[in-house]
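Here's the structure, in structure tokens; my notes come after.
Treat the numbers as computed from the prediction; the structure is a model and nothing was measured. Below, all heavy atoms of this structure are taken into account, side chains as well, without hydrogens, waters or symmetry copies. In what follows, chains are A, B, ... by sequence order, proteins preceding strands, each numbered from 1.
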Amino acid sequence: MKKTPFISPLAWFEEMIDHCYDYAETAHVKGAPIVGIMCEYTPREIIMAAGGIPVCLCGGSAQRISSAEKHLPANLCPLIKSTFGYHLEKANPFLEWADLLVAETTCDGKKKMYELLAETRPMHVLELPQKVDDPDAFEHWVCELRKLRDFLEKRYRTRVTAARLRRAIATMNRERRLRRELAALLQADAPPLTGRQLLDLKSIISGIPADLEQYGMILKWLRSRPESPALRSRVRVLLTGVPVVHGAERVVDLIEKHGGLVVAMENCTGLRPLVDDVDPRASDPLRALAQKYFHLPCSVMTPNRRRLDLIRRLAADYRADCVVDLIWQACLTYDVESARVKRLAEEELKLPFLRIETDYSPSDSARLVVRLEALFETIRRSRR
Amino acid sequence: MIYVGMDAGSRWLKIVLWDGGKRRQIAAGLAEQGTDCQAVAAGLLRKLLRAHRFHECDIGRVVATGYGRNLIRMADTTITEITCHARGVNRLAPAARTVVEIGGQDSKLLRLEPDGRVRDFAMNDRCAAGTGRFLEVVAGRLKISVKKLGSLVHRGIKPAPISSMCIVFAETEILGLLAGGVPPANIVAGVQQSIAVRVAGMTGSILEQPVVFTGGVALVSGMKEALAKVLKCPVSVAPQPQFTGALGAALLAADSPTERNDSGTGALRKI
């Protein structure tokens, strides 16, 4: 190997899409099925154990929205519209390679959009029960995952054995552990990276061996780095709410460009899917998977106490100065649940709370900046 | 030393000069916004300085706030309207616990701690329906000046219902009302009520009194009454309501001469 100038280990994930593209293309050529997923409730492990490559297809591009609005209502979540826009424009190569989509009945907007997708693309829908504390609901979810397993076995003429599931679980647990440890670096007073940098350290395809290796190297490198004193004076923000998918990081950028530091992300692109692993020694690995995934605290669940518990825990562990609740426009469940998050933040945690409802367009950036700066000014002034 | 607060709003730029030694306001002035916020600010500041026989070198610090705060190069730092209005109102009405501020494109509601610090705030997002811009559109449609709008409204007038959530559609609605023979006074009362309802929607469950009304729209007669009626509590208008942001900025400039948000350009100040 020829000598190259120093490149930050973080650079690997700057080309995340390219890496995923190469990985998926190679797999595709070899005949491994690309399976599109659109929600963290879908256990990647089952798809991996069936020999498939699960790829996250959630749209983060504002550009795809106008074509989607020809078919979908304008007043709908931008994530749903963007995902659907990619479908219409055939602009997402991963979706075009996908042999199958595994969708779920999380929110109504997605559920009905999936019906439109399913008109032209093979799809398997998981019915997600929403009474999270009801044992019958859990059994139903176990049943749904069994049906997915059987469906994949039949479609790909393979066996999803317990051993293969355990291998996939081990891979995903390893990835979760590495990403958890990276996120935990932001517990420091002067962390070696920003929340925005952390947000880039994920991939739309999980379990790529090269990615896992890079996570390890990045961890080692970041742990050896001196503290960043500049980050010490920032206001520590706990971001909660909707996922911040690739391409839709505007609000995180605004927070960090105007005096904040996103120390923890309680959402599906942050810590929420990472905090719990799947029991690798469970006698029934499928049940163990159901156990982990069913308990993800998305606002579609009712009641969703686990989300409040997670916010409590993260606010303490990451010493948040405030809570920012991000809601994509017209996301009803997060929007309504925001009242409970506000109460938790202000009354119990005694932390200032800011609710941001927005979409992918930058038209309200200047106004969001006023609100964020005012929040940070208020926090700084109360410290004196 | 004098301290300068500049509030670069969407329609008007306001400046307050504050005497740090004597702790009093020296001057307040405003100029209509044009295409070059920096030039408008410099022109107005020069005018105010000359009128009160001050020179650039007398200026201790400049704080800019408002929509165009980042466009003012002579500012040492920028502070948001939220913090500035709270500071300004706290000076003028120290007991205030709730501040309603309605400007050209903005409406805000601030809740203050007993010591005047901001507890929390709400503001309009992607829509200007509950703001001064709404009144401007209506005044234009009725062919009268914004200032005279309120004089149309008398006690006992029944506000015409304005239901549109959007200024553009509200204009169409108003045309319909006029065509249907509804008197302009009822329409103005209806618009004022609709703005008040919008702002009241920001209060949440608890409204702590006293409530102080500020921002340029507080000058429009009838608005205070419309707000008091909807909020169901007394509302007082801040003295010089269009200047509370600029006053707050000047006071904050005097409060902490060393605090800086971003790279200060004070040393290179050129008006």
task = Compare every heavy atom of B:Arg119 with every heavy atom of A:Thr378, then report the nearest pair and how far apart it is.
result = CG2-O, 4.4 Å
Partner set under salt bridge (charged side-chain N to carboxylate O under 4.0 Å, His left out) for A:Arg225, not counting sequence neighbours = none
key: Part of B:Asp115 lying under 4.5 Å from any heavy atom of chain A   = neither
key: Residue selection (most heavy-atom pairs with chain B, distance under 4.5 Å) from A:Asp359, A:Leu354, A:Thr358, A:Leu375   = A:Asp359
message = Only pairs of heavy atoms separated by less than 4.5 Å count here; which of A:Pro352, A:Gly259, A:Ser361 has the most with chain B?
response = A:Ser361
inquiry  = Using a 6.0 Å cut-off, check whether atom CZ of A:Phe353 has over 12 heavy atoms from anything other than its own residue.
reply    = yes
query = Are more than 12 heavy atoms from other residues, nucleotides or ligands located less than 6.0 Å from atom CD of A:Gln63?
reply = no
request  = Check for a donor-acceptor pair, side chain of A:Glu373 on one end and backbone N or O of B:Ile79 on the other, with a separation under 3.5 Å.
outcome  = no
key: A:Glu377 and B:Ile82, any side-chain heavy atoms less than 4.5 Å apart   = no
query = Do side-chain atoms of A:Arg367 reach the backbone of B:Asn124 as a donor and acceptor pair under 3.5 angstrom?
reply = yes
ask   = Do the side chains of A:Lys342 and B:Asp120 get nearer than 4.5 Å, heavy atoms only?
value = yes
request  = For B:Arg117 and A:Arg381, work out which heavy atoms get closest and say how close.
outcome  = CD-O, 4.1 Å
inquiry  = At a 4.5 Å cut-off on heavy atoms, which part of A:Ile356 comes close to chain B: side chain, backbone, both, or neither?
reply    = neither
task = Give, for atom CZ of A:Arg380 and atom OG1 of B:Thr83, the distance between the pair rounded to the nearest 0.5 Å.
result = 11.0 Å
